[in-house]
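For reference, the structure discussed in these notes is given below.
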Amino acid sequence: MSVRLVVDGRPVEVPDDGSSLLEVLRDRLGLRTAKDGCSPQGQCGCCTVWVEGAPRVACVTPARRVAGRSVTTLEGLEPAERRCWAEAFSATGASQCGFCTPGIVMRLAALRRRGDEAPDEASVGRALAAHLCRCTGWRTIFDAARLVDGHASGPTPGRDVAAAGRRAALEGGNPQTVGPAVPLGEGGFADDTAPADALVAVPDGDGGWAVGETLRQARVAAGKVQGRRSPVQLGHPLEVPPGEWPLTLRTTWVEPAYLETDASWCRPGGEPATPLANGGAFGGKRASPAPEAARRLADELGRPVRVLLSREDTVRLGPKRPPVAAGIGLDGSGVMRVVRTPGVAEAIRSVAPGLVVEEADAAGPATSSDIRGAGWVEAAVLLAVVSRLGGEGGRVEAGGPVRIDLPSGAAAEASIGPDGAVTVRVSCGLPLDEIVLRSYCTGAAHMAMSWVRSEGLAVDEDGEPTDLTIRSFGIMSARDTPPVLVEIVPSESPPVNGSDAAFAAVAAAAWMADGLPQDWPTRGRA
């Protein structure tokens, strides 16, 4: 039995083996712009294609269901239309790693084709509800949509792409390509570059790897269980240190939730592909098991091997942000408890030498100090906010932004207005490329607001994550993300990372705007 369909204008025939449309596109036909961020959850939008001109999430669409129908991927768009979207996303900084943007482009291109008038911000926001983007903070994507419709300025003439790449590497902590190819998904992701004849290996749930000729075979061999969102409530594993503190804070487990799950591949005797590809994954992939497994399995089996972690695997195996519980005095002294994590105590002391750091054991998933700003951002937020306490009852002084100064020389001021709009002023040396810097700072603002207000990962009493779907982590949606204005302070000093300072400053501003409740997330999970 076989399935016949038309893909990007050409008739194709593939075996009817129960595969999803995404598996057919990527593994049978080699069309890699449709990305796998959560299959088969159908929750991230990265695999969006058109079926008979309508957007559809390919990972939950059985291939046999579209038999005889027309499927269009990003590769199948008219070249002029592809170029238009690519240039708009590049010109506005609406793509950083470029993993989620092919699906977003397909969604927005379909929206644009539906009506006679250009889509407004509300309709773009509704369309983006089907997607997740972790890097850009959404607002630059709105900018790109306006640019395509002629409501914003175009590409920057004479842009120094090499300088843009240097700024992206500073902000992301990993070499990164910048340019119009990136929004089209051509950033060189590990699984996109794997040879067609590679075996596929996935975690088997017992500490080993299940191997098959295809992803479907490997997952069947592993007995993959579909992830669910649980009814388990968020918990705060650490108690605030005893004492009379004017300001206290407790955080919970937080999933980094990078969109590209861990992947690598290797030939026998070769070097494995890096899972970092075109993005740093907020530090969450620096100890990924994928490369070493790909190397070992390729040598053992004598064939190229792709190693892929599903969304559920990433949640179970990947490191989380270590929870903290702290009390701080008006003079900046205090105690911060943190889940035991190598390197985190030193990171906290680097910005807050007046805090006594107590590491504690807690039943929960693995943690890492490589996660963006782990520990030290919480300490910097406490210091910045406590400096604003005063008056009867320790009220926050009204007016003005909250400022974060880092040992690196970077600084950021952030404020949140009555309408929720965020203003960030960033100083981080020579900008190199303002588009990239503004994009990273916008993304940092979104991540900070989302973390403070709605993100968390529920775990059971044994410390095992119970929320295994990407929508269960509480990430702020496009429609809920307020405008973000980033002002870059001119400087000729050596360039340093600026978005981490913006991340800390916006976190402090969001906490203050919400009235400084002790426990994060302040508003519960989305």
Side-chain angles (χ1 to χ4, degrees), residues 33-35 45-46 48-50 55 72-161 163-165 167-168 171 176-187 259 278-279 433-443 446 478-479 481 483-486 488:
T33 56
K35 308 299 185 187
C46 294
T48 300
V49 297
W50 297 347
T72 305
T73 72
L74 186 59
E75 287 100 326
L77 288 188
E78 291 294 327
E81 188 173 12
R82 277 169 51 90
R83 184 170 60 253
C84 179
W85 283 105
E87 290 180 350
F89 269 67
S90 180
T92 58
S95 179
Q96 289 179 19
C97 75
F99 191 83
C100 67
T101 46
I104 290 173
V105 166
M106 292 301 289
R107 180 78 57 177
L108 296 182
L111 176 67
R112 191 166 180 258
R113 289 185 173 198
R114 278 212 303 263
D116 295 331
E117 297 183 0
D120 59 15
E121 179 155 325
S123 61
V124 170
R126 287 192 295 270
L128 292 176
H131 294 263
L132 285 175
C133 177
R134 197 63 168 145
C135 298
T136 64
W138 295 116
R139 301 310 309 181
T140 52
I141 295 175
F142 284 94
D143 294 341
R146 285 193 293 270
L147 179 55
V148 167
D149 289 311
H151 299 318
S153 57
T156 304
R159 185 180 183 189
D160 186 340
V161 176
R167 173 51 72 180
E171 301 303 325
Q176 185 174 339
T177 300
V178 176
V182 173
L184 301 179
E186 298 171 7
L259 267 294
N278 201 41
D433 184 89
E434 291 199 2
I435 295 171
V436 168
L437 180 54
R438 187 169 287 108
S439 173
Y440 268 90
C441 290
T442 303
H446 170 268
R479 285 183 293 183
T481 303
V484 178
L485 174 64
V486 176
I488 298 169

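The structure displayed is predicted, hence computed values, not measured ones.
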request  = Of all the heavy-atom pairs spanning C97 and C135, show the shortest one and how long it is.
outcome  = SG-SG, 4.2 Å
request  = Report the residues that fulfil salt bridge (charged side-chain N to carboxylate O under 4.0 Å, His left out) with E121, sequence neighbours left out, ordered by chain and then residue number.
outcome  = R139, R146
key: CH2 on W50 to CG on L74, rounded to 0.5 Å   = 9.0 Å
key: Counterpart residues, salt bridge (charged side-chain N to carboxylate O under 4.0 Å, His left out), relative to E186 (two or more places apart)   = R82
query = Quick one: side-chain contact (heavy atoms from CB on, under 4.5 Å) partners of E434, sequence neighbours excluded?
reply = P431, R438, I488
request  = Return the minimal non-hydrogen interatomic distance between R167 and V436, and the atom names on each side.
outcome  = CG-CG1, 3.7 Å
request  = Kindly indicate, with the supporting measurements, whether the criterion side-chain contact (heavy atoms from CB on, under 4.5 Å) is fulfilled by D433 and V178.
outcome  = CA-CA 11 Å; D433 184 89; V178 176; 5.9 Å; no
ask   = Can you name the residues that form a side chain to side chain donor-acceptor pair (under 3.5 Å) with T73, not counting sequence neighbours?
value = D8, E75
request  = Mind listing the closest non-hydrogen atom pair of W85 and A145 along with its distance?
outcome  = CZ3-CA, 4.4 Å
Residues which pass ring-ring contact (aromatic ring centres under 6.0 Å, His included) with Y440, listed by chain and number, not counting sequence neighbours = none
message = Which residues pass the side chain to side chain donor-acceptor pair (under 3.5 Å) test with D120, not counting sequence neighbours?
response = S123
Sequence neighbours excluded, every pair satisfying salt bridge (charged side-chain N to carboxylate O under 4.0 Å, His left out) that has a member inside residues 123-134 = R134-E455
ask   = Which pair of heavy atoms, one from C46 and one from L259, lies closest together, and at what distance?
value = SG-CD1, 3.7 Å
message = Quick one, R112 with E81, criterion salt bridge (charged side-chain N to carboxylate O under 4.0 Å, His left out). Give me CA distance, side-chain angles, the key distance, then yes/no.
response = CA-CA 11 Å; R112 191 166 180 258; E81 188 173 12; 5.3 Å; no
ask   = Does the side chain of L437 come within less than 4.5 Å of E171's, by heavy atoms?
value = yes
ask   = Looking at residues at least two apart in the chain, or sitting in another chain, which of them share a side-chain contact (heavy atoms from CB on, under 4.5 Å) with A86?
value = P180, L184
ask   = Sequence neighbours excluded, which residues qualify as side-chain contact (heavy atoms from CB on, under 4.5 Å) partners of T136?
value = Q96, C133, T140, I141
Which residues share a side chain to side chain donor-acceptor pair (under 3.5 Å) with N278, sequence neighbours left out = none
ask   = Within a strict 4.5 Å, meaning less than it, do heavy atoms of the F89 and I104 side chains meet?
value = yes
request  = Indicate the atoms forming the closest heavy-atom contact of A94 with A144, along with that distance.
outcome  = CB-CB, 3.9 Å
ask   = Which residues pass the side chain to side chain donor-acceptor pair (under 3.5 Å) test with T442, sequence neighbours left out?
value = none
ask   = What is the distance from atom CG of L485 to atom SG of C441, rounded to the nearest 0.5 Å?
value = 11.5 Å
inquiry  = Taking side-chain contact (heavy atoms from CB on, under 4.5 Å) as the definition, give me every residue that meets it alongside A127, ordered by chain and number, with sequence neighbours left out.
reply    = R107, L108, L111
inquiry  = Return the CH2 to CG distance between W138 and D143, rounded to the nearest 0.5 Å.
reply    = 14.0 Å
ask   = Between R479 and A129, what is the shortest heavy-atom contact and its length?
value = NH2-CB, 3.5 Å
